[in-house]
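Single-structure report; data block below.
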Amino acid sequence: MTDPTDPRPAAAPTTHFGFTDVALDRKQGLVDDVFHKVAERYDVMNDAMSGGLHRVWKDVLVSMVKPSREAPFRHLDVAGGTGDVAKRVAKAGGPLTEVTVLDINHDMLRVGRDRLAEKAQGFRYVAGNAESLPLPSNRFDCYTIAFGIRNVPRIPLALAEAHRVLKRGGHFLCLEFSAVDVPVLDHAYDLFSFKVIPRMGRMIAGDGEPYRYLVESIRRFPGVETFSDMIADAGFRRVKATRLTGGVVTIHSAWKL
């Protein structure tokens, strides 16, 4: 507890930016700078870093969305970036499926808009912060966020906002990297992450530092059980974690009941 008679100013709250501790109000700007740098080559690097597996992981994620083929279905993809998840949901759904793509980074949103231009009908693009969604309450049937939640400075606020904008009975789905839980594979994964990925970033995207941050941010993200507790604390029920590829990624599923 802070002593009200102590004349010293209270320490500013901090958080992590990769392995570096920074002031909480600085993180969003630092993350934005990372994605400004990598927006144009983001999907190319995802293919290189995952050997194309990110596409399989996203297919599994969207198979859990289950958009209606006949009835109206409103979907929100947060940190939607280049539209990878959005286009899959639109394809899986019917003519009454509406997909809102939200991202705080204008460069990522622009890349996604350009790539989905020929499929513009049924898509809506919104620039906004996951911690304070510029969207009405109780509106969406499903909320997805793929590889984005670990970049949010205040994760509990983002989870509370996800709960707010979902309808009763709405589905929350989060695809995120997690700690590898297979012996031997965990060591190989660390070696690849810290030695190979930054070099690939320099070769493909012209800058390895953004990818060093992305690797470090994975290691600082809460463990699967801790994050599941955070989802439940936000008011969600039937919280479930599905690990894929030896625990390299996890799909977190929960419902607003």
Practice task
Could you list all the ring pair (Phe, Tyr, Trp, His ring centres under 6.0 Å) pairs where at least one residue sits in residues 228-247, not counting sequence neighbours?
Solution key: H163-F236, F172-F236
Practice task
Quick one: list whatever passes ring-ring contact (aromatic ring centres under 6.0 Å, His included) with F73, sequence neighbours left out.
Solution key: none
Exercise for the section: Could you list all the salt bridge (charged side-chain N to carboxylate O under 4.0 Å, His left out) pairs where at least one residue sits in residues 64-81, not counting sequence neighbours? Expected result: R74-E98
Handout entry: S253 OG to L175 CG distance, which is reported to the nearest 0.5 Å
Key = 12.5 Å
Exercise for the section: Check for a donor-acceptor pair, side chain of T226 on one end and backbone N or O of P222 on the other, with a separation under 3.5 Å. Expected result: no
Practice task
Look up atom CG in D107 and atom OG1 in T82, then write down how far apart they are to the nearest 0.5 Å.
Solution key: 12.5 Å
Handout entry: Transitive ILVMFWY cluster of L257, excluding itself - 4.5 Å side-chain cut-off
Key = W255
Exercise for the section: Kindly write out the residues that satisfy side chain to side chain donor-acceptor pair (under 3.5 Å) with D229, not counting sequence neighbours, or none if the list is empty. Expected result: none
Practice task
Look up atom NZ in K256 and atom NE2 in H171, then write down how far apart they are to the nearest 0.5 Å.
Solution key: 14.5 Å
Handout entry: Inter-residue atom distance M230.CE - C174.SG, 0.5 Å rounding
Key = 10.5 Å
Handout entry: Those residues that, when tested against D59, pass salt bridge (charged side-chain N to carboxylate O under 4.0 Å, His left out) (two or more places apart)
Key = R88
Practice task
Please list all pairs passing the salt bridge (charged side-chain N to carboxylate O under 4.0 Å, His left out) test where one or both residues lie in residues 168-179, with sequence neighbours left out.
Solution key: R150-E176
Exercise for the section: Could you list all the salt bridge (charged side-chain N to carboxylate O under 4.0 Å, His left out) pairs where at least one residue sits in residues 137-148, not counting sequence neighbours? Expected result: D141-K167
Exercise for the section: Can you sort out the partners of T250 under side chain to side chain donor-acceptor pair (under 3.5 Å), two or more places apart, ordered by chain and number? Expected result: S178
Exercise for the section: Before giving the answer on side chain to side chain contact (heavy atoms under 4.5 Å, CB included), spell out for V165 and L76 the whole-Å C-alpha distance, their side-chain angles and the decisive distance to 0.1 Å. Expected result: CA-CA 9 Å; V165 301; L76 173 63; 4.0 Å; yes
Problem - Identified side-chain contact (heavy atoms from CB on, under 4.5 Å) counterpart of V85 within the set V99, V78, V62 - result: V62
Problem - S137: side chain to side chain donor-acceptor pair (under 3.5 Å) partners, not counting sequence neighbours - result: R164
Problem - Trace of the ring pair (Phe, Tyr, Trp, His ring centres under 6.0 Å) decision for F221 with F177 - result: CA-CA 8 Å; F221 188 67; F177 288 106; 9.9 Å; no
Fill in the blank from the handout: Residues at least two apart in sequence or cross-chain that pass side-chain contact (heavy atoms from CB on, under 4.5 Å) with P95, listed by chain then number, are none
Practice task
To the nearest 0.5 Å, tell me how far R154 CZ sits from L159 CG.
Solution key: 14.0 Å
Problem - side-chain contact (heavy atoms from CB on, under 4.5 Å) involving L244 - partner list, sequence neighbours excluded - result: W57, V60, T242, V249, I251
Exercise for the section: Look up atom OH in Y143 and atom OG1 in T100, then write down how far apart they are to the nearest 0.5 Å. Expected result: 12.5 Å
Problem - Derivation and outcome, side chain to side chain contact (heavy atoms under 4.5 Å, CB included), residues I149 and I155 - result: CA-CA 7 Å; I149 195 75; I155 292 175; 4.0 Å; yes
Exercise for the section: For the residue pair T97 and H75, confirm or rule out a side-chain donor-acceptor distance under 3.5 Å. Expected result: no
Handout entry: Flag, side chain of E161 to backbone of A130, donor-acceptor distance under 3.5 Å
Key = no
Exercise for the section: Indicate the atoms forming the closest heavy-atom contact of V65 with C142, along with that distance. Expected result: CG1-SG, 3.9 Å
